Visitor: 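One structure coming up, written as structure tokens, with questions to follow.
Each ligand, and each atom within it, is numbered from 1 in the order the structure gives. Predicted model only: the values in this text are computed from it and were never measured.
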Amino acid sequence: MNRKIVVALGGNAILSKDASAEAQQKALKETAKYLVEFVKNGDQLIISHGNGPQVGNLLLQQAAGSTKENPAMPLDTAVAMTQGSIGFWMQNALDEALAEAGIKKQVATVVTQVIVDEYDEAFKRPTKPIGPFYSKKEVIDVRLKNPNLTFVEDAGRGFRRVVPSPQPIDVKESTVVNTMVDNDIIPIAVGGGGVPVIKDGNKLVGKEAVIDKDFASEKLAELVNADLLIILTAVDNIFINFNKPDQKKLTDVNVKELKQYISENQFAKGSMLPKVEAAINFVDKTNQKAVVTSLENIINFIKDGEGTIISKDGR
Ligand SMILES: Nc1ncnc2c1ncn2[C@@H]1O[C@H](COP(=O)(O)OP(=O)(O)O)[C@@H](O)[C@H]1O
Ligand SMILES: NC(=O)OP(=O)(O)O
């Protein structure tokens, strides 16, 4: 079909409970098999992914082993490190899945820097959950040693550390990503929302934050003139009245309707809401379509257009 598609992978594509490298590599092998369906369909892919659990875990490992001579790395560098580790796993998983499908195509990860505003209000108010869940007692213990860390309760599942999450303004490597696509290479880019940087004259300087990968993927999709933004998560569709007896699946929905649902608080903050907002931004700015669905539903999306399709005026 030869569409240029930015595909943003949700947490379940990489990590369930077991945070070992082996388990994450295994999950990505399954994920890669689904993604290859787009390639078989003739689509040009640009892949992005989250890093919330991984970057939080990495900070804990860094803190546990740090000494004066071997200090812990700052959060921006930790984001770059997770782009590298997840990119490494995903490149190999895709290489294998492409070879199994008899497709000759190169895949490569781009360490991607995303420009943010140093005065973004988000720096004053951490909201992005990273790393593992804690009990109330564990939070009290951690905060006794590190009073500067902020934790929030996450939908009744326990407490998580939160860090600032500024809005993406520009993607430094967007032209590189487009050049790769033009040369039939599959880029993995804006992993973990990209490394947050601010401009300082000719320099880019890292900022300690984690950008939402749905917003960063949307920004990249805009900049590379993608035909479609697909946000993959654990559900086949967006719902209204989600998890209630009268929940209703959204199939084709226009931006106006979605904005109305946002005003009714239909989408959970920090989970479905950023996906809906990213989809609306992409459709508003490009007049193209955005899709929210699951990995498992990719074949049904390709064949029959199943999933939640967001467009300016409905399908
Ligand atoms: N209105 C809604 N419709 C569908 N899913 C919703 C809705 N509100 C909250 N969710 C939940 O949001 C989840 C997606 O958010 P999350 O798991 O944080 O994203 P990610 O896949 O990027 O890790 C879904 O799997 C679902 O459980
Ligand atoms: N950076 C980011 O949004 O990661 P998660 O999707 O894993 O939270």
Visitor: For residues M90 and I47, determine if any side-chain heavy atom of one lies less than 4.5 Å from a side-chain heavy atom of the other.
Guide: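 Yes, close enough: below the 4.5 Å cut-off.
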Visitor: Near G192, which atoms of ligand 2 are under 4.0 Å from a heavy atom of that residue?
Guide: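 Atoms satisfying the 4.0 Å criterion: 1 (N).
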Visitor: Report whether F301 and V39 are members of the same hydrophobic cluster (ILVMFWY, side-chain heavy atoms less than 4.5 Å apart, transitive linking).
Guide: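 Looking at the clustering, V39 is in the same group as F301.
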Visitor: Taking 4.0 angstrom as the limit, do D141 and K137 come out as a salt bridge?
Guide: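 A salt bridge links D141 with K137.
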Visitor: Any idea which atoms of ligand 2 are less than 4.0 Å away from a heavy-atom of I211?
Guide: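 Ligand 2 atoms under the 4.0 Å threshold to I211: 1 (N), 2 (C), 3 (O).
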Visitor: Is the number of heavy atoms from other residues, nucleotides or ligands under 6.0 Å of K256 NZ greater than 12?
Guide: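 It does not: K256 NZ has 12 such atoms or fewer within range.
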Visitor: Can a salt bridge be assigned to the pair E96 and K29 using a cut-off of 4.0 Å between side-chain N and carboxylate O?
Guide: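 Judged by the 4.0 Å cut-off on N to carboxylate O distance, E96 and K29 do form a salt bridge.
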Visitor: Students should be able to answer this: which protein heavy-atom is nearest to atom 4 (O) of ligand 2, and at what distance?
Guide: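 Closest protein heavy atom to atom 4 (O) of ligand 2: N51 N, 3.1 Å.
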Visitor: Looking only at distances, can you tell me whether any N or O atom of N237, backbone or side chain, sits closer than 3.5 Å to an N or O atom of ligand 1?
Guide: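 Between N237 and ligand 1 (N or O atoms, distance only) the closest approach is not under 3.5 Å.
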Visitor: Look at the side chain of K4 and the backbone N and O of V224, then say whether any donor-acceptor pair between them is shorter than 3.5 Å.
Guide: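 Yes.
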Visitor: Considering only protein heavy atoms, which is closest to atom 15 (O) of ligand 1, and at what distance to one decimal place?
Guide: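 Looking at atom 15 (O) of ligand 1, the protein heavy atom closest to it is S271 CB, 3.2 Å.
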Visitor: Would you say F239 has any N or O atom under 3.5 Å from an N or O of ligand 1, going by distance alone?
Guide: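 N/O-N/O distance under 3.5 Å: yes.
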Visitor: What protein heavy atom is closest to atom 10 (N) of ligand 1, reported as residue, atom name and distance in Å?
Guide: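 Among all protein heavy atoms, the one nearest atom 10 (N) of ligand 1 is F242 CE2, 3.5 Å.
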Visitor: List the residues meeting side-chain contact (heavy atoms from CB on, under 4.5 Å) with S294, not counting sequence neighbours, and say none if there are none.
Guide: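 side-chain contact (heavy atoms from CB on, under 4.5 Å) check on S294 returns D236, E296, N297.
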Visitor: Just verifying a value: how many Å separate K40 NZ and L98 CG, rounded to the nearest 0.5 Å?
Guide: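 With rounding to 0.5 Å, NZ (K40) is 10.0 Å from CG (L98).
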Visitor: State which residue, out of V235, D214, L232, I238, fulfils the side chain to side chain contact (heavy atoms under 4.5 Å, CB included) condition with K275.
Guide: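 Of V235, D214, L232, I238, side chain to side chain contact (heavy atoms under 4.5 Å, CB included) with K275 is met by D214 alone.
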Visitor: Measure the spacing between OG1 of T109 and CZ of F88 and express it to the nearest 0.5 Å.
Guide: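 Answer for the OG1-CZ pair, T109 versus F88, is 10.5 Å.
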Visitor: Tell me if a side-chain donor or acceptor on T308 pairs with a main-chain N or O of L250 at a distance below 3.5 Å.
Guide: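 Answer holds: yes.
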Visitor: Quick one: look up the protein heavy atom nearest atom 7 (O) of ligand 2 and list residue, atom name and how far away it is.
Guide: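 It is G52 N, 2.8 Å.
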Visitor: Which residue and non-hydrogen atom of the protein lie closest to atom 25 (O) of ligand 1, and at what distance in Å?
Guide: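 Here the nearest protein heavy atom works out to A234 CB, 3.6 Å.
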Visitor: Provide the number and element of each atom of ligand 1 under 4.0 Å from a heavy atom of Q266.
Guide: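 Those of ligand 1 that fall under 4.0 Å from Q266 are 1 (N).
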Visitor: Only heavy atoms of P53, strictly under 4.0 Å: list the atoms of ligand 2 that pass.
Guide: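 The list of qualifying atoms is 7 (O).
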Visitor: With a 4.0 Å cut-off on heavy atoms, does K275 reach ligand 1?
Guide: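 True for this residue.
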Visitor: What atoms of ligand 2 come closer than 4.0 angstrom to any heavy atom of D212?
Guide: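 Listed by number with element: 3 (O).
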Visitor: Under 4.0 Å from a heavy atom of F267: which atoms of ligand 1 are those, numbered in the order shown and with their elements?
Guide: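 Taking each heavy atom of F267 in turn, ligand 1 has 1 (N) under 4.0 Å.
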Visitor: Please write down residue, atom name and distance for the protein heavy atom closest to atom 21 (O) of ligand 1.
Guide: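 Result for atom 21 (O) of ligand 1: T233 OG1, 2.6 Å.
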Visitor: Nearest protein heavy atom to atom 23 (O) of ligand 1, by residue and atom, and its distance?
Guide: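 Ranked first by proximity to atom 23 (O) of ligand 1 is G11 N, 3.0 Å.
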Visitor: Looking only at protein heavy atoms, which one is nearest to atom 8 (N) of ligand 1, and what is the separation?
Guide: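 So the nearest neighbour among protein heavy atoms is M272 CB, 3.5 Å.
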Visitor: I'd like to know whether L45 forms a side chain to side chain contact (heavy atoms under 4.5 Å, CB included) with I5, so could you lay out the CA-CA distance, the side-chain angles of the two residues, the decisive distance to 0.1 Å, and finally the verdict.
Guide: CA-CA 5 Å; L45 283 187; I5 307 179; 4.3 Å; yes
Visitor: Between E257 (side chain only) and N254 (backbone N and O only), is there a donor and an acceptor less than 3.5 Å apart?
Guide: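 Yes, the answer is positive, given that a donor and an acceptor are paired below the 3.5 Å cut-off.
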Visitor: Give the atoms of ligand 1, by number and element, whose distance to some non-hydrogen atom of K213 is under 4.0 Å.
Guide: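 Selected atoms, number and element: 22 (O).
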Visitor: Please report which non-hydrogen protein atom sits nearest to atom 6 (O) of ligand 2, along with the residue it belongs to and the distance in Å to one decimal place.
Guide: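 Protein heavy atom with the smallest distance to atom 6 (O) of ligand 2: K213 NZ, 3.3 Å.
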Visitor: Who's the nearest protein heavy-atom neighbour of atom 8 (O) of ligand 2, and how far?
Guide: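 Nearest protein contact, heavy atoms only, for atom 8 (O) of ligand 2 is K128 NZ, 2.9 Å.
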Visitor: Find all atoms of ligand 2 within a distance of less than 4.0 Å from any non-hydrogen atom belonging to V210, and give their numbers and elements.
Guide: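 Contacts of ligand 2 toward V210, numbered from 1: 1 (N).
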